[in-house]
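Scroll down for the structure; my scribbles are underneath it.
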Amino acid sequence: MSDIVIGLLAVVIGAVFCFRGVVAMRFVIALWGAFVGLNLGAGLVSAITGDGFFATALGWIVGVVVAVVFSLLAYLYYAVAVTLAMASVGFVLGTATMAAIGVTWNWVVILVGVLAGIALAVFTLAANLPAVLLVVLSALGGATAVTAGVMLLAGTIDTTDFDRGTLTDTIAHDWWWYTLYVALAVAGAIVQVGLLGRERALRDQWQPTPA
């Protein structure tokens with residue numbers, strides 16, 4: 001059951017992030033923050049208790065609480081929103097890259113993901129990245145989430161793999177997963193670029209509209 005729920009959430013929220021991303025960041029990042037918080041909270045419970053990912057009521061409860069906190073903070077504060085978005089995208093892209101090249105799921109994969117997330121978040125805030133680059137990053141992150149969600153729904157992976165050291169071994173390195181990922185990323189970037197200019201600027205979404 002948890003595979004279906006998390007898979008559907010990953011597909012829906014990943015698609016919104018992929019195709020709307022920057023142009024409606026305040027709303028989209030609140031959804032993305034909730035999804036990241038849900039998985040982070042459940043992951044912390046799994047790591048502490050040794051139970052499976054989303055295998056207990058405690059995991060779901062903590063996940064929902066963290067999801068609400070992340071969502072509210074991202075909606076209210078620009079710096080938190082950008083940091084959360086880019087840190088999570090950097091982590092997703094870092095771990096996905098390690099899995100794609102066949103690195104076994106261990107501390108190296110996690111470390112690369114964490115470092116990539118921190119570096120991307122710091123660089124984004126320090127350099128005030130242009131909207132086009134943020135479009136590309138959100139399209140890539142959203143495409144990764146959607147692809148992972150489809151893999152969960154298809155049974156290629158399952159949530160119990162998230163707390164084991166064999167995750168990358170269970171991923172079928174078939175060409176259609178990479179084709180789906182690339183197609184989503186390209187389509188998402190094209191759609192978002194086409195919407196730029198018709199939406200308020202990224203930072204302005206957190207500023208009050210003059211009366």
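Each residue takes its place number in the sequence, starting with 1.
Neither Phe70 nor Ile61 shares a network with the other; the hydrophobic side chains, linked directly or stepwise wherever heavy atoms of I, L, V, M, F, W or Y lie under 4.5 Å apart, form separate groups for each. Taking hydrophobic clusters as Ile, Leu, Val, Met, Phe, Trp and Tyr residues chained together by side-chain heavy-atom distances below 4.5 Å, Trp60 does not share a cluster with Val65. Linking ILVMFWY residues whenever their side-chain heavy atoms come closer than 4.5 Å, directly or via other members, places Tyr77 and Val69 in the same cluster.
Ser71 places no side-chain N or O within donor-acceptor distance of the main-chain N or O of Gly33, the cut-off being under 3.5 Å.
Of all the heavy atoms in Ala10 and Ala145, the pair that sits closest is CB-O, 3.5 Å. Scanning all heavy atoms of the two residues, the minimum distance from Gln192 to Ser138 falls at NE2-OG, 3.1 Å. The nearest pair of heavy atoms linking Ala139 to Gly188 is CB-C, 4.1 Å. Contact between Ala67 and Ala34 at its shortest, heavy atoms only, is CB-O, 3.0 Å.
Using a 4.5 Å heavy-atom threshold, the side chains of Leu184 and Phe19 count as touching. Between Val146 and Tyr181 there is no side-chain heavy-atom pair separated by less than 4.5 Å. Taking the side chain as every heavy atom from C-beta outward, Leu153 and Leu8 approach each other to under 4.5 Å. Inter-residue side-chain proximity for Val64 and Leu38 is flagged as met; some heavy-atom pair is nearer than 4.5 Å. Counting heavy atoms from C-beta on, the side chains of Leu44 and Val62 never come closer than 4.5 Å.
Val186 is linked by a side-chain contact (heavy atoms from CB on, under 4.5 Å) to Val182, Ile190, counting only residues two or more places apart in sequence or in another chain. Under the rule for a side-chain contact (heavy atoms from CB on, under 4.5 Å), the partners of Ala154 that lie at least two apart in sequence or sit in another chain are Thr156, Trp177. Under the rule for a side-chain contact (heavy atoms from CB on, under 4.5 Å), the partners of Ile13 that lie at least two apart in sequence or sit in another chain are Leu9, Leu31, Trp32, Phe35. Not counting sequence neighbours, Val12 has no partner by the side-chain contact (heavy atoms from CB on, under 4.5 Å) test.
Distance check, rounded to the nearest 0.5 Å: OG1 of Thr147 to CG of Leu152 gives 11.0 Å.
Screening Ile6, Val16, Val150 for a side-chain contact (heavy atoms from CB on, under 4.5 Å) with Val11, the sole residue that qualifies is Val150.
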